[in-house]
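Report on one structure; see the data block that follows.
Numbers for residues simply follow the sequence, beginning at 1. If you're wondering where the values come from, they're calculated on a predicted model, not measured in any experiment.
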Amino acid sequence: METNPATEALQSPAPEEEIMPDGTANQPQNQAEQQTAFAFAIARIRQSLNIATLFKTAAAELRQILKADRVVVFHFNSKSDWKGKFICEDVASGWNSILPTKAYNPCFNHQIAQSYQQGRVQAISDIDNAKISAAHTEILKKFQIRANLVVPLLKGKDLWGLLCIHQCSHPRPWKKSEIDLVKQIAGHVGVRLQYTSLLM
């Protein structure tokens, strides 16, 4: 069974100390500006009835608010083997797109999925200093990822996918406030997913 590096890079479990770290992110925006941008993003997400527009809006708004290099949405097609694909991406100029990459990681099992379903967040501030395997580090480097933040996307109580933020240009200690912001965006996206399903 082959392992696809794209999914492994996004979904491989990080060590306990890499989850929810307290750090200071290198962000130029002050708190008031970020809150204003966040409120605007939520308003736009709530207006999105089309699923494709919903994801494009969420990815674009998050990348702008966090000044990240790449934001991708990954969707699980099957819960039996947790196969999936990238369905949306917003990426800054100068960085590669990973949207066309087929994704499958046989190591992503029910136990890992359950941890994300219960709210797990994977936050790696610097792949060069993170306590992850050399193979995992190499995979992240192939996708130009220097810092990685992965938050679950839930549709109701089910794990629907993953919302992933990449910093490619430099390490990034993710602040708790930033992680909370991404979780809130993911929560609103999940609500819209349920709502749009009811309209179909």
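- Rounding to the nearest 0.5 Å gives a distance of 10.5 Å between CD1 of Ile145 and CG of Asp69.
- Side-chain contact between Phe86 and Cys164 is absent, with no heavy atoms from C-beta onward closer than 4.5 Å.
- The cluster map of Ile, Leu, Val, Met, Phe, Trp and Tyr, joined by side-chain heavy atoms under 4.5 Å apart, puts Val191 and Leu159 in different clusters.
- Listed here is the closest heavy atom pair of His166 and Ala68: O-CB, 3.8 Å.
- A 4.5 Å side-chain heavy-atom check between Val182 and Leu66 finds at least one atom pair inside the cut-off.
- Distance alone, capped at 3.5 Å, places no donor-acceptor pair between the Gln117 side chain and the Leu154 backbone.
- There is a path of hydrophobic side-chain contacts, each under 4.5 Å, that joins Leu153 to Ile51.
- Asn77 is linked by a side chain to side chain donor-acceptor pair (under 3.5 Å) to nothing, counting only residues two or more places apart in sequence or in another chain.
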Working for side-chain contact (heavy atoms from CB on, under 4.5 Å), residues Glu178 and Leu149: CA-CA 10 Å; Glu178 293 173 330; Leu149 176 61; 5.7 Å; no

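- Gln122 approaches Arg120 most closely through the heavy-atom pair NE2-NH2, 4.0 Å.
- The distance from the NZ atom of Lys155 to the CG atom of Leu193 is 6.0 Å, given to the nearest 0.5 Å.
- Looking only at distances, no side-chain donor or acceptor of Arg70 sits under 3.5 Å from a matching main-chain atom of Gln144.
- In this structure, the ring-ring contact (aromatic ring centres under 6.0 Å, His included) partners of His75, at least two apart in sequence or on a different chain, are Trp160.
- Considering every non-hydrogen atom in both Ser125 and Ala147, the closest pair reads O-CB, 3.4 Å.
- Screening Val72, Val189, Val73 against Leu163 for a side-chain contact (heavy atoms from CB on, under 4.5 Å) leaves a single residue, Val73.
- With hydrophobic clusters built from ILVMFWY side chains whose heavy atoms lie under 4.5 angstrom apart, Val91 does not share a cluster with Ile98.
- The CD1 atom of Ile45 sits 10.5 Å away from atom CD of Gln184, with the distance rounded to the nearest 0.5 Å.
- Residues meeting the salt bridge (charged side-chain N to carboxylate O under 4.0 Å, His left out) test with Arg146, sequence neighbours left out: Asp126, Asp128.
- In this structure, Val121 and Lys183 have side chains that are in contact, with non-hydrogen atoms separated by less than 4.5 Å.
- Here the NZ atom belonging to Lys175 is positioned 11.5 Å from the CG atom belonging to Asp180, to the nearest 0.5 angstrom.
- The minimum heavy-atom distance between His188 and Ile42, with the atom names listed, is CD2-CD1, 3.1 Å.
- Across every non-hydrogen atom of Tyr116 and Leu162, the tightest pair is CD2-CD2, 3.9 Å.
- Of all heavy-atom pairs spanning Cys168 and Phe143, the tightest one is SG-O, 4.5 Å.
- With rounding to the nearest 0.5 angstrom, the NZ atom of Lys85 is 10.5 Å from the CZ atom of Phe74.
- Distance check, rounded to the nearest 0.5 Å: CG of Asn50 to CZ of Arg192 gives 11.5 Å.
- Hydrophobic clustering (side-chain heavy atoms under 4.5 Å, transitive across Ile, Leu, Val, Met, Phe, Trp, Tyr) keeps Trp95 apart from Ile124.
- The backbone N or O of Ser97 lies less than 3.5 Å from no partner atom in the side chain of Glu89, so there is not a single donor-acceptor pair.
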